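Fair warning: this is a prediction, and the values are worked out from it, not measured in the lab. Lettering follows sequence order; numbering is per chain, from 1.
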2 protein chains.
Amino acid sequence: MKYKKKDRQNKLVEMIEETPFITDEELAKKFGVSIQTIRLDRLELSIPELRERIKNVANKNWNEELRALPVEEVIGEVVNLELDNLAISILDIKEEHVFSRNKIARGHHLFAQANSLAVAVINDELALTANAEINFTRPVKVGERVVAKASVIDQDKNRTIIEVKSYVQDELVFEGKFYMFRSAEK
Amino acid sequence: MKYKKKDRQNKLVEMIEETPFITDEELAKKFGVSIQTIRLDRLELSIPELRERIKNVANKNWNEELRALPVEEVIGEVVNLELDNLAISILDIKEEHVFSRNKIARGHHLFAQANSLAVAVINDELALTANAEINFTRPVKVGERVVAKASVIDQDKNRTIIEVKSYVQDELVFEGKFYMFRSAEK
């Protein structure tokens, strides 16, 4: 749906408040405009770019909110969390994460970021992974920052399905669907 | 197929020579006899149990044979390797591998063992994971030893499909199918 500029900008403010880690590309798609238009909108509205928005919330203490594990056991840094809904983390790929030969991030680190985020998002003290289907959609190099977003897409009494998508800037680098067991809620 | 005892024992010796990491349970299934029968056969034939057979080969230097990565980058200890065919590793689950709350091994460690073994088995200097489907079939506790077996099940010029099954003793704890890219062979 196309909006007039003023309407679009109002909607944009709302949307970024609700989902502060939405990328410019995603916003562009939602509004059916170019990424450049979104950048100009943000400039006019004094909304910082995604990277800055992430930094602003990264220093929050999440331990009071996490239920399934302590925050130190999440691989990557949690920057947003709504239990049983969504969670976001960032992981900076360093030398210790890559193959020595080609400096490409090893799959299990991207998996660990995604899987631990899938555990973290669950509002239950017991959360275990049963199955997962995962895709590595492009190699990640040392020095890149991976933003993972976990969304609960289905849930019943003792099973939760979580989709995790991980990006380097606007490029999808990993996606996974995690089928999690949880203890039955009282 | 049922064998007479002598034939079965001859076959058993052959089979263990060919695939030294076969479990008693697998042998029992293959011969259509009980696990107890296999144990008695091994006793009569002076064939050590699986755990001992693993130890005997664990001190080999695999670096001369591995192509896709140095042996230090394999998670777990490689105990058998036939490039483009099969590989086996063992991982002892320690405190650093488990959730602090329930002492259950974190999924990404089992995944890392399996995925790095899937890389290791490939006879090529470039091997990258494209997709995987994985199942965690029962929780693994601290103190348990996980034996992972990677088998190449399909292969064409620049793609290899590898199945990894991980066991604690005779119990399946993880299985995964890994779709790997490799550089095209010359």
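- Side chain to side chain, A:Glu73 and B:Ser100 meet the donor-acceptor criterion of an N or O pair below 3.5 Å.
- A cation-pi geometry, defined here as NZ or CZ lying under 6.0 Å from the six-membered ring centre and within 45° of its normal, does not hold between B:Lys11 and B:Phe31.
- The contact list for residues 129-139 of chain B toward chain A, using heavy atoms and a distance under 4.5 Å, reads B:Thr129, B:Ala130, B:Asn131, B:Ala132, B:Glu133, B:Ile134, B:Asn135, B:Phe136, B:Pro139 by residue number.
- With a threshold of 4.5 angstrom between heavy atoms, B:Ala68 approaches chain A through N, CA, C or O but not through any side-chain atom.
- The pair A:Glu95-A:Lys103 meets the salt-bridge criterion, with a side-chain N (NZ, NE, NH1 or NH2) lying under 4.0 Å from an Asp/Glu carboxylate O.
- Residues A:Glu175 and A:Ser166 bring no donor and acceptor atom of their side chains to less than 3.5 Å of each other.
- Between B:Arg182 and B:Asp84 there is a salt bridge, since at least one side-chain N of the basic residue sits less than 4.0 Å from a carboxylate O of the acidic one.
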Distance-only donor-acceptor hits, side chain of residues 36-43 of chain B, under 3.5 Å, sequence neighbours excluded:
from, atom 1, to, atom 2, distance (Å)
B:Thr37, OG1, B:Ser34, OG, 2.9
B:Asp41, OD1, B:Arg8, NH2, 3.1
B:Asp41, OD1, B:Gln9, NE2, 2.8
B:Asp41, OD2, B:Arg8, NE, 2.7
B:Asp41, OD2, B:Arg8, NH2, 3.2
B:Arg42, NE, B:Asp24, OD1, 3.0
B:Arg42, NE, B:Asp24, OD2, 3.4
B:Arg42, NH1, B:Ile47, O, 3.2
B:Arg42, NH2, B:Asp24, OD2, 2.8

